[in-house]
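Within every chain, numbering begins at 1; the chains are lettered A, B, ... in the order of the sequence lines, protein sequences first and strands thereafter.
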Amino acid sequence: MAGRIVSHIVWSLHDGYDNLRRSPLLESQVMPELPEVETVCRGLEPELTGRMLTGVTLRRSNLRYPLPDGFVAKLTSRRVIAVRRRAKFILVQLDNEITLVIHLGMSGRLVIHTESPPPPPGPHDHVDVVTDTGVTIRYNDVRRFGFMDLISDADMSQHPMFAKLGPEPLGNGFNAEMLCETLAGRRTSIKAALLDQHVVAGLGNIYVCESLFRASISPKRNAYTIAGRRAERLVTAIRAVLKDAIAAGGSSLRDYVQASGELGYFQHKFQAYDQEGKPCVMPGCKGTVRRISQSGRSTFYCPGHQR
DNA sequence: ACGAGAACCTGTTTGC
DNA sequence: TGCAAACAGGTTCTCG
């Protein structure tokens with residue numbers, strides 16, 4: 001049995017790692033947006049919380065950015081207090097008032113190797129972190145849009161990476177009223193506005209398309225026209241889309257733990273994203289999903305019901 | 001200040 | 001068939 005791929009975490013069991021790396025499942029993975037990062041955090045949590053980091057191996061000194069000075073020394077022999085998520089950032093809180101911040105970028109993956117020693121690293125395996133239980137957490141990133149950083153707890157809130165982030169879409173701070181205020185006066189499209197992490201934190205191209213589809217709002221609509229019932233619909237849709245995706249990721253985690261059945265995550269089908277030319281699945285709508293380009297990025301939507 | 005587009009990166013897909 | 005261009009997309013930077 002080869003290891004199982006769960007969201008952006010890949011569990012490698014005692015064999016099959018080379019096969020796993022060539023698995024077509026890898027190619028069908030969706031990009032890491034909020035639900036994927038949340039799933040990764042839930043997978044990491046039991047492996048890391050309370051554990052001491054006994055070793056760190058760097059195979060290159062830079063990912064997207066240069067790794068901070070003393071990266072290895074500041075992690076080694078530290079204990080993990082908690083694993084959390086903010087927007088698309090994975091936050092590993094350490095016992096020295098420093099947090100390891102991990103961003104998966106577009107192609108970043110974390111591989112949990114339970115066997116010790118772990119398999120030989122591949123060409124894009126950039127960082128290994130080993131815990132006192134002998135588990136290796138390996139960071140792999142083909143395109144190197146991801147990065148890691150160390151931020152002291154005191155600097156966290158003022159850090160440019162976090163200071164201006166919008167609210168968590170699943171949190172209490174995200175509602176129709178605040179969304180209207182944020183979008184007021186914005187001349188750009190609602191599609192572009194929702195991709196802006198300062199408006200709401202954690203959405204990417206895929207879930208913006210899905211949310212607008214579910215809310216029956218055209219991606220071309222001017223952002224400032226989102227108000228009233230339409231804003232309520234959008235907030236509801238964003239929440240529902242994210243919760244569904246997280247639930248799909250969670251069921252994959254359970255599948256892994258029970259070592260049974262197919263991976264629910266990869267069966268997760270999108271209603272709009274990557275569905276160009278397919279009939280709209282919205283009940284009562286006879287439209288066809290179209291693909292357009294907005295600010296250089298693909299948008300999928302149904303002109304039949306998205307207005 | 002704001003918005004559009006480029007750049008970063010590499011493996012895969014598409015088109016000539 | 002083979003090679004080059006296009007494409008994927010999160011974030012930051014530049015330019016108008």
*Grab the OH-C1' distance between Y224(A) and dA1(B) for me, whole Å please.*
18 Å
*Can you sort out which residues in residues 190-203 of chain A have a heavy atom within less than 4.0 Å of DNA chain C? Ascending by number, please.*
Q197(A)
_Once ring pair (Phe, Tyr, Trp, His ring centres under 6.0 Å) is applied, what residue pairs with a partner in residues 169-192 of chain A remain, sequence neighbours excluded?_
none
*K88(A) NZ to dT11(C) C1', straight-line distance once rounded to whole Å*: 9 Å
*What is the distance from CG of L183(A) to C1' of dG3(B), rounded to the nearest Å?*
15 Å
*Does a side-chain N or O from H103(A) land closer than 4.0 Å to OP1 or OP2 of dG10(C), or not?*
no
*Please confirm whether the backbone N or O of R78(A) pairs with a side-chain atom of N96(A), one donor and one acceptor, at under 3.5 Å?*
no
*How long is the line joining CD1 of I292(A) and P of dA4(B), in whole Å?*
13 Å
*Do any pairs count as a ring pair (Phe, Tyr, Trp, His ring centres under 6.0 Å) and have a residue in residues 54-90 of chain A, sequence neighbours left out, and if so which ones?*
Y65(A)-F147(A), F89(A)-H103(A), F89(A)-F162(A)
*Could you list the residues that satisfy side-chain contact (heavy atoms from CB on, under 4.5 Å) with T99(A), not counting sequence neighbours?*
L91(A), Q93(A), V101(A), D153(A), M156(A)
*Please state how far atom CZ in R186(A) lies from atom P in dC2(B), giving the value in whole angstrom units.*
7 Å
*Residues in side-chain hydrogen bond (donor to acceptor under 3.5 Å, both in side chains) with Q294(A), at least two apart?*
T299(A)
*Kindly compute the distance separating CD1 (I102(A)) from CG (L63(A)), expressed to the nearest 0.5 Å.*
10.0 Å
*May I ask you to say what Y65(A) touches in the nucleic acid, namely base, sugar-phosphate or nothing, with a heavy-atom cut-off under 4.0 Å?*
sugar-phosphate
*For the helix from dC2(B)-dG16(C) to dC16(B)-dG2(C), measure the angle between the helix axis at one end and the axis at the other, each built from five pairs, rounding to 10°.*
70°
*Of all residues at least two apart in sequence or in a different chain, which pass the side-chain hydrogen bond (donor to acceptor under 3.5 Å, both in side chains) check with H159(A)?*
none
Donor-acceptor contacts, no H, no angles, side chain residues 219-227 of chain A, under 3.5 Å, sequence neighbours left out:
unit_1  : atom_1 : unit_2  : atom_2 : d
K220(A) : NZ     : Y301(A) : OH     : 3.2
R221(A) : NE     : R307(A) : O      : 3.4
R221(A) : NH1    : T225(A) : OG1    : 3.0
N222(A) : ND2    : Y224(A) : OH     : 3.4
T225(A) : OG1    : N222(A) : O      : 2.7

*Quick one: list whatever passes side-chain hydrogen bond (donor to acceptor under 3.5 Å, both in side chains) with R290(A), sequence neighbours left out.*
none
Show me the side-chain donor-acceptor pairs of residues 49-58 of chain A shorter than 3.5 Å, one per line, residues at least two apart or across chains.
unit_1 : atom_1 : unit_2  : atom_2 : d
T49(A) : OG1    : E45(A)  : O      : 3.0
T49(A) : OG1    : E45(A)  : OE2    : 2.8
R51(A) : NE     : D132(A) : OD1    : 2.6
T54(A) : OG1    : V130(A) : O      : 3.3
T54(A) : OG1    : T131(A) : O      : 3.4

_Which residues pass the side-chain hydrogen bond (donor to acceptor under 3.5 Å, both in side chains) test with R214(A), not counting sequence neighbours?_
D244(A)
_Rounded interatomic separation in angstrom, taking NZ from K220(A) and C1' from dA4(B)_ = 18 Å
_Can you measure M161(A) atom CE to dC13(C) atom P for me and round it to whole angstrom units?_
10 Å
For nucleotides 7-9 of chain B, tabulate all protein N/O to nucleotide N/O atom pairs closer than 3.5 Å, reporting atom names and distance.
unit_1 : atom_1 : unit_2  : atom_2 : d
dC9(B) : O4'    : R143(A) : O      : 3.4

